Amino acid sequence: EICLPWVCECEQKGGWSHWIVSSLFSLKVNGFPTCCMVEIVVNVMFLFQVIKVYNEDNTSKAVEVPTDVTARDICQLFVLKNHCIDDHSWTLFEHLSHLGIERTIEDHESVMEVSSGWGMDSDSRLYFRKNYAKYEFFKRPLDFFPDHMVSISTETNGLVDHSELIQTFLKSSTCPEIHGYLHAKEQSKKSWKKFYFVLRRSGLYYSNKGTSKEPRHLQLFADFSDSHVYTVLSAKKLHGAPTEFGFCVKCSSARDLKLLCADDEQTRTCWITAMRLLKFGMQLYQNFVQPYQKQKASPMRSISENSLVAMDFSGQKTRVIENPSEALSVAVEEGLSWRRKSCHRLSGHGSPSAAQTIHLAQPWFHGKLSREEAQRLIIQQGLIDGVFLLRDSQSNPKTFVLSLCHMQKIKHFQILPVDDEGELFYSLDDGHTRFADLIQLVEFYQLNRGVLPCKLKHHCAQITL
C-alpha cells in the first residue's frame, strides 16, 4: 500500500522515474543480476502511470500514480501537495468536453478504469475542485427528496417514515420509488417529449400512458449496471433542451447518451442523487463516513451547529435567550459593536487604506468575477445552503457583491461603502450594521444570519495546482 505523504515526496524530488533510477543504481552497487533488474523495471513501469489533472482555471498538473489509485487517493495527494484544508469536500470530476457532460467520480472508484473508457480522439479530462454537495444528502435528505417525488414502501407494503429515507436506499429489501415528469430527447431526433418517469431498483422507466405505473405501461429507459449519470452542461445550446437542467445516462462502453431534462434544479438534483444511491448503495455511505471514522481518535470535539444557542452574559448570571426576536436584536447589536473594534483592526494594518485591501488575500474573495462566472463557480462547488463568495461589483466599481446559495438558488447582495465622519465602513443593510473591512463582515455573517437568508458556511475555493 502506497503511503500518500511518501508519494508526495517522490513527486517533489522528480517523480517515480527518479525513484526507479535511484533504486536500480542501489541494486547495481550491491551486485544484483542485470536480468533481474530489467524485469524489475518492466514490472514497475506497469505499476505506475502518468495522469493529468486540471483545475477550474484550466491549468493542469501531471502526476505519476499507481494503477490502482482511487479518486480519494488523488484528492488527498493534491490536498497534501497544495497544503489545503481537507474538509472532505475535495472531489475528482470526469469531464467529457466533446459531449458537454461531467460527473463526480466517487471516492472509491478506480481512476484508471474511468480513463480507460475514453476514446483516443476525445477531449476528456479530470478536474480537481470542491463539491460541498457530494454527501450533503446523508445529512439533510429531505432537502434532496421532495415529498411529491418520493414513494416509500417495504416488501410488506408498510409505509416508512421519510426520516428513514436514506436507510431505505441502502437496504436491499427496500427501495424508495422516485417519480415525476421529465423531458426526454427522442433517439436520432432533435425533438424532446415529456413523459412520466419512475425510478426503481431495477432501472429507470417511463410510462407510455399518462402517469400509469402498471407493468404493461412501463418501458425500460435505462439501467445502471454498466451506466453512469452525468450532468449536461449547456443543455439548451448543445442539445436544444427546453431548460438548462439537463442530465443523462451514459453507458460505459458507448458514446450514445440518453438525454433527460428537468424543469428546475431541485428536481434534477433529486433524480441524480437517487441514481447515485441506487447504483452505489452502501459504498457511498462508507465513502461518507470513512474520513470521520479516522477522526474519532482525535481529542477535538465535534460541535453540531444545532447545539449553538444565543446567550446573554450582561447580568450577574448567564441565561439562554429563547425568544427568537430577542436573539435577533442581540445579533444586530453585536454587529454594531464590531464598529468599536475598527480602531484596533486599522491600527494593526497601519492605515485606513489597508483595511480596504486586506480582503484581497482571502480565499473567499474572487476579484473581478462577473455575475455569470460567480453563478457557474457556485453551481460547480455545490448548490447547498451557505456556499458563498465575494467579488467586485461590475456595475459600481466602488462596491462589492456577496453571492450566496440558498434553497438551491443563487442570490446576490450588494455591499455598500458607508462614510461616517470621514471613516469608511461596509454594510449589507443600508448602514444599520457596519464593518471596518470585509473580513469583519464575513466573520460576522458566518456566525449570524442577520439580513441574509442563511449563514455563510462554505466559501468557493480555487487553488493553483
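Quick caveat: nothing in here was measured; it's all calculated off a predicted structure. All values below were derived from every heavy atom in this structure, side-chain atoms included, with hydrogens, water molecules and symmetry-related copies excluded.
The shortest side-chain heavy-atom distance between Leu377 and Gln462 falls under the 4.5 Å cut-off. The shortest distance between side-chain heavy atoms of Ile384 and Asp143 does not fall below 4.5 Å. The side-chain heavy atoms of His458 and Asp87, taken from C-beta on, include no pair separated by under 4.5 Å. Two residues are said to be in side-chain contact when any heavy atoms from C-beta on lie closer than 4.5 Å; His459 and Gln362 fail this criterion. Contact annotation: the side chain of Thr243 never approaches that of Trp192 to less than 4.5 Å [non-hydrogen atoms, C-beta and beyond]. Using a 4.5 Å cut-off on side-chain heavy atoms (C-beta onward), Trp364 and Ile439 make contact. By the 4.5 Å heavy-atom criterion applied to side chains, Phe221 and Leu260 are counted as neighbours. No side-chain heavy atom of Lys61 sits less than 4.5 Å from a side-chain heavy atom of Val53.
Of the inter-residue distances, the one linking Gln283 atom CD with Asp107 atom CG reads 9.5 Å to the nearest 0.5 angstrom. Interatomic distance, Gln381 CD to Lys134 NZ, rounded to the nearest 0.5 Å: 12.5 Å. Going from atom CG of Asp223 over to atom CG of Leu278 covers 12.0 Å, rounded to the nearest 0.5 Å. Separation of atoms SG (Cys405) and CZ (Phe388) is listed at 12.5 Å; rounding is to 0.5 Å. Between atom CZ of residue Phe169 and atom CZ of residue Phe280 there is a gap of 14.5 Å, rounded to the nearest 0.5 Å. Here Asn448 contributes atom CG and Glu443 contributes atom CD; the two are 11.5 Å apart, rounded to the nearest 0.5 Å.
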Please walk me through it: do Gln446 and Leu456 pass side chain to side chain contact (heavy atoms under 4.5 Å, CB included)? CA-CA 5 Å; Gln446 284 176 326; Leu456 308 182; 3.9 Å; yes
Tell me, with the steps shown, if Glu109 and Leu92 meet side chain to side chain contact (heavy atoms under 4.5 Å, CB included). CA-CA 10 Å; Glu109 286 190 82; Leu92 203 62; over 6 Å; no
Please walk me through it: do Phe247 and Trp271 pass side chain to side chain contact (heavy atoms under 4.5 Å, CB included)? CA-CA 9 Å; Phe247 61 105; Trp271 284 103; 3.8 Å; yes
Could you walk me through whether Leu199 and Phe197 pass the side chain to side chain contact (heavy atoms under 4.5 Å, CB included) check? CA-CA 7 Å; Leu199 180 64; Phe197 279 82; over 6 Å; no
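Other residues, nucleotides and ligands place no more than 12 heavy atoms under 6.0 Å from the CD1 atom of Ile85. The number of heavy atoms from other shown groups lying within 6.0 Å of CD (Glu113) does not exceed 12. Other residues, nucleotides and ligands contribute more than 12 heavy atoms inside 6.0 Å of the CZ atom of Phe413.
The pair Glu373-Arg391 fails the salt-bridge criterion, with no side-chain N (NZ, NE, NH1 or NH2) lying under 4.0 Å from an Asp/Glu carboxylate O. Salt bridge Glu106/Arg276: present, at least one basic N to carboxylate O contact under 4.0 Å. We find that Glu94 and Arg103 are joined by a salt bridge, their nearest charged nitrogen and carboxylate oxygen being less than 4.0 Å apart. We find that Glu136 and Lys457 are not joined by a salt bridge, their nearest charged nitrogen and carboxylate oxygen being 4.0 Å or further apart.
Although no hydrogens or angles enter the test, the distance criterion places a donor-acceptor pair under 3.5 Å between the side chain of Asp57 and the main chain of Thr59. Here the side chain of Arg72 pairs a donor or acceptor atom with the backbone of Asn287 at under 3.5 angstrom. In this structure a side-chain-to-backbone donor-acceptor pair under 3.5 Å is present from Asp264 to Gln266. Looking only at distances, no side-chain donor or acceptor of Glu177 sits under 3.5 Å from a matching main-chain atom of Arg200. Using a distance-only test at 3.5 Å, with no hydrogens or angles considered, a donor-acceptor pair links the side chain of His366 to the main chain of Cys460. The backbone N or O of Tyr181 lies less than 3.5 Å from no partner atom in the side chain of Tyr206, so there is not a single donor-acceptor pair. Side-chain atoms of Lys258 never come within 3.5 Å of backbone atoms of Cys251 as a donor-acceptor pair (strictly under, hydrogens ignored). Looking at Ser115, its side chain does come within 3.5 Å of a backbone N or O of Met112 through a donor-acceptor pair.
Side-chain atoms of Asp263 and Thr267 form no donor-acceptor pair, as typed in the model, at a separation below 3.5 Å. Between Ser191 and Glu186, the side chains place a donor N or O and an acceptor N or O closer than 3.5 Å (distance only, hydrogens not considered). A donor and an acceptor atom, one from each side chain of Arg376 and Gln380, are located under 3.5 Å apart. Between the side chains of His412 and Ser403, at least one donor N or O lies within less than 3.5 Å of an accepting N or O.
Across all their heavy atoms, Ala184 and Phe195 have their closest contact at CB-CD1, 4.3 Å. Shortest non-hydrogen contact noted between Val65 and Leu77 is CG1-CD2, 4.3 Å.
Two rings, from Tyr54 and His95, have their centers 6.0 Å or more apart. Aromatic pair His359/Phe400: centroids less than 6.0 angstrom apart.
Under the 30°/60° scheme for interplanar angles, the aromatic rings of Tyr135 and Phe137 are found to stand perpendicular. Between Phe288 and Tyr285, the ring planes are tilted. Angles from 30° to 60° get that label.
Residues passing the salt bridge (Lys or Arg N to Asp or Glu O under 4.0 Å) test with Asp123 are Arg125, sequence neighbours excluded.
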